[in-house]
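Below is one structure, written out as structure tokens; comments come after it.
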Amino acid sequence: RVAQSTQRQGPLAGIAATRRQARRVAHHLIHSTTTKTKTMTSILGAEATYFTALSAGNFIIQRCTACSKHVFFPREICPHCRTTVLDWVQPTGTGTVYSTSTVRRKPELGGDYDVSLVDLDEGVRMMTRIDGIPPTEVRIGMRVRAEIVEGKAGKTVVFRPLGEMA
């Protein structure tokens with residue numbers, strides 16, 4: 001255990017942390033529709049604030065007070081200017097599909113689903129899924145709007161094409 005904590009303090013520690021966070025988000029996104037409820041007791045700090053707000057039905061991201069850039073996935077330090085003062089703000093909730101992939105599954109396991117990267121209008125990119133249309137109809141450049149849905153693992157942010165929102 002000592003060797004592991006020493007390795008994380010090197011110059012690549014931020015990259016490793018970002019990868020862990022991305023895996024955690026992907027796990028939450030995928031398992032919110034496919035597995036039994038799991039508690040997220042190991043989440044601390046900025047991530048805990050994000051998931052607590054999400055469970056209350058609020059989609060929030062961070063905004064750096066020093067450089068005014070938005071930040072997502074939640075962090076303790078601004079990745080742009082390295083300050084530690086990040087405020088929580090509610091994004092507009094609109095964005096553009098940057099990348100998309102259809103994950104194939106057997107119908108008895110829930111069928112195919114979409115995994116997309118969406119660029120929010122605030123300038124951050126997040127991994128999510130596009131609901132409201134078949135996964136094969138999601139297109140790069142499509143305008144979408146965020147919505148919070150209840151999944152098997154709790155609430156999660158998904159997107160719908162702008163034309164699908166009432």
Side-chain angles (χ1 to χ4, degrees), residues 17-64 69-79 85-140 142-166:
T18 302
R19 287 183 182 154
R20 282 191 307 278
Q21 291 168 345
R23 282 193 303 268
R24 194 173 288 144
V25 169
H27 176 82
H28 179 70
L29 174 69
I30 292 166
H31 293 282
S32 67
T33 60
T34 61
T35 64
K36 297 177 183 176
T37 302
K38 294 185 179 185
T39 59
M40 301 178 95
T41 57
S42 63
I43 297 177
L44 302 171
E47 287 181 71
T49 302
Y50 171 75
F51 284 111
T52 300
L54 191 59
S55 68
N58 298 311
F59 174 35
I60 56 174
I61 62 174
Q62 292 172 298
R63 183 173 178 273
C64 178
K69 292 186 179 180
H70 289 88
V71 176
F72 188 85
F73 196 79
R75 299 167 190 237
E76 302 296 328
I77 299 172
C78 176
V85 184
L86 298 163
D87 288 335
W88 290 98
V89 297
Q90 187 169 2
T92 61
T94 55
T96 305
V97 175
Y98 173 81
S99 176
T100 185
S101 180
T102 299
V103 178
R104 304 286 183 190
R105 284 191 303 192
K106 294 179 182 180
E108 60 269 18
L109 296 176
D112 298 346
Y113 65 94
D114 167 78
V115 175
S116 291
L117 294 177
V118 170
D119 287 339
L120 293 180
D121 292 344
E122 287 78 11
V124 297
R125 184 172 292 156
M126 66 183 293
M127 184 182 292
T128 185
R129 68 176 194 255
I130 310 298
D131 284 353
I133 60 173
T136 55
E137 292 183 21
V138 177
R139 298 287 179 249
I140 293 171
M142 178 182 284
R143 293 289 294 160
V144 292
R145 178 173 299 281
E147 115 179 352
I148 298 172
V149 298
E150 186 72 39
K152 292 179 182 176
K155 293 185 179 178
T156 189
V157 178
V158 300
F159 287 78
R160 290 186 177 272
L162 276 176
E164 297 289 320
M165 299 297 289

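All values derive from a computational prediction rather than experimental measurement. Side-chain atoms are counted along with the backbone in the values below, which use heavy atoms only and exclude waters and symmetry mates.
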What are the two closest non-hydrogen atoms of [X] and [Y], and how far apart are they?
{"X": "Pro91", "Y": "Ile60", "result": "CD-CA, 4.0 Å"}
{"X": "Arg105", "Y": "Asp112", "result": "N-OD1, 3.1 Å"}
{"X": "Val97", "Y": "Arg139", "result": "CB-O, 3.5 Å"}

How long is the straight-line distance from [atom2] of [Y] back to [atom1] of [X], given to the nearest 0.5 Å?
{"X": "Met142", "Y": "Arg160", "atom1": "CE", "atom2": "CZ", "value": "12.5 Å"}
{"X": "Phe73", "Y": "Ile61", "atom1": "CZ", "atom2": "CD1", "value": "13.0 Å"}
{"X": "Lys69", "Y": "Glu122", "atom1": "NZ", "atom2": "CD", "value": "14.5 Å"}

I want to check something: taking the side chain as every heavy atom from C-beta on, are [X] and [Y] in contact at a cut-off of under 4.5 Å?
{"X": "Met127", "Y": "Leu117", "value": "yes"}
{"X": "His70", "Y": "Val89", "value": "yes"}
{"X": "Val144", "Y": "Ile130", "value": "yes"}
{"X": "Phe159", "Y": "Asp114", "value": "no"}
{"X": "Glu147", "Y": "Val158", "value": "yes"}
{"X": "Pro74", "Y": "Phe51", "value": "no"}
{"X": "Pro161", "Y": "Ile133", "value": "yes"}
{"X": "Gln62", "Y": "Thr49", "value": "no"}

Checklist entry - Does the side chain to side chain contact (heavy atoms under 4.5 Å, CB included) test come out yes or no for Thr94 and Arg145, once each step is laid out? => result CA-CA 4 Å; Thr94 55; Arg145 178 173 299 281; 3.3 Å; yes
Next on the checklist: Can you tell whether the side chains of Arg143 and Asp121 come within less than 4.0 Å, N to carboxylate O?
Outcome noted: yes
Next on the checklist: Test side chain to side chain contact (heavy atoms under 4.5 Å, CB included) on Gln90 and Asn58; report intermediate values, then the result.
Outcome noted: CA-CA 8 Å; Gln90 187 169 2; Asn58 298 311; 5.5 Å; no
Checklist entry - Parallel, tilted or perpendicular: which fits the ring planes of Tyr50 and Phe72, with parallel below 30° and perpendicular above 60°? => result perpendicular
Checklist outcome for this item: Those residues at least two apart in sequence (or on a different chain) that pass side chain to side chain contact (heavy atoms under 4.5 Å, CB included) with Ile77 are Arg82, Thr84
Checklist entry - Arg129 and Val138: side chain to side chain contact (heavy atoms under 4.5 Å, CB included), yes or no, with the steps? => result CA-CA 10 Å; Arg129 68 176 194 255; Val138 177; over 6 Å; no
Next on the checklist: Is the positively charged end of Arg125 above the ring of Tyr98, judged by distance under 6.0 angstrom from the centroid and angle within 45° of the axis?
Outcome noted: yes
Item to check | Residues that Phe59 engages under ring pair (Phe, Tyr, Trp, His ring centres under 6.0 Å), provided they are two or more places apart | outcome: none
